[in-house]
Trainee: 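I'd like to ask some things about the structure below.
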Amino acid sequence: MYNDTVLDHFQNPRNTGEIPDADGVGEVGSAECGDIMIMYIKVDDDRLTDVKFRTFGCAAAIASSSIATEMIKGKTLDEALKLTRNDVAGALGGLPERKMHCSNLAPDALKAAIENFRAKSAEKT
Ligand code: FES
């Protein structure tokens with residue numbers, strides 16, 4: 001059902017774990033299945049210097065999370081916010097139609113993490 005890229009990112013996910021001193025944390029759940037993703041970001045000069053994730057979900061969700069972190073690391077926050085589920089699924093070489101919702105988790109968690117970072121930054125000023 002899954003192609004080799006999806007299987008590779010599922011079996012050897014990149015950037016897993018937590019960042020204890022993260023600048024922003026975003027947690028989202030999938031309305032379709034209840035799976036959960038938490039994304040941790042470090043930000044320097046408006047750029048994502050580090051990204052890690054924990055995903056409690058299916059193979060497609062874990063593979064999507066893994067490849068998404070590779071795609072956004074080093075990007076500015078505004079560039080990273082342009083990431084869509086189609087970008088994620090496309091980078092994986094496609095997902096089965098009924099698994100497309102799984103690729104929502106990473107863009108949604110990233111958005112939540114950036115909102116958390118921006119809210120914290122606004123509090124400091
Ligand atoms: Fe829940 Fe894939 S089935 S994220």
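Counting convention: from 1, in listed order, for ligands and their atoms alike.
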Trainee: For ligand 1, which atoms, with element, lie under 4.0 Å from some heavy atom of D35?
Mentor: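 Selected atoms, number and element: 1 (Fe), 2 (Fe), 3 (S), 4 (S).
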
Trainee: Is the closest side-chain heavy-atom distance between D35 and T55 below 4.5 Å?
Mentor: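 Sidechains of T55 and D35: no contact.
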
Trainee: With a 6.0 Å cut-off (strictly less than), is the heavy-atom count around CG of D21, excluding the residue itself, greater than 12?
Mentor: yes

Trainee: Do any N/O/S atoms of H101 come under 2.8 Å of atom 2 (Fe) of ligand 1?
Mentor: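 For H101, the answer is no, given that no N, O or S atom comes within less than 2.8 Å of atom 2 (Fe) of ligand 1.
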
Trainee: Looking at L48 and I72, what are the two nearest heavy atoms and their distance?
Mentor: CD1-O, 3.6 Å

Trainee: Rounded to the nearest 0.5 Å, what separation is found between the CZ atom of F53 and the CD atom of E18?
Mentor: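 Rounded to the nearest 0.5 Å, the CZ-CD separation comes to 12.5 Å.
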
Trainee: Go through it in stages, so that I can follow the logic: the residues are R47 and D23, the test is salt bridge (charged side-chain N to carboxylate O under 4.0 Å, His left out), and I'd like the CA-CA distance, side-chain angles, deciding distance and then a yes or no.
Mentor: CA-CA 11 Å; R47 204 168 274 282; D23 296 315; over 6 Å; no

Trainee: Please report, to 10°, the angle around atom 2 (Fe) of ligand 1 from atom SG (C58) across to atom SG (C102).
Mentor: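 Answer comes to 100°, rounded to 10°.
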
Trainee: Near A61, which atoms of ligand 1 are under 4.0 Å from a heavy atom of that residue?
Mentor: 4 (S)

Trainee: Can you report which non-hydrogen protein atom sits closest to atom 1 (Fe) of ligand 1, along with the distance?
Mentor: C33 SG, 2.1 Å

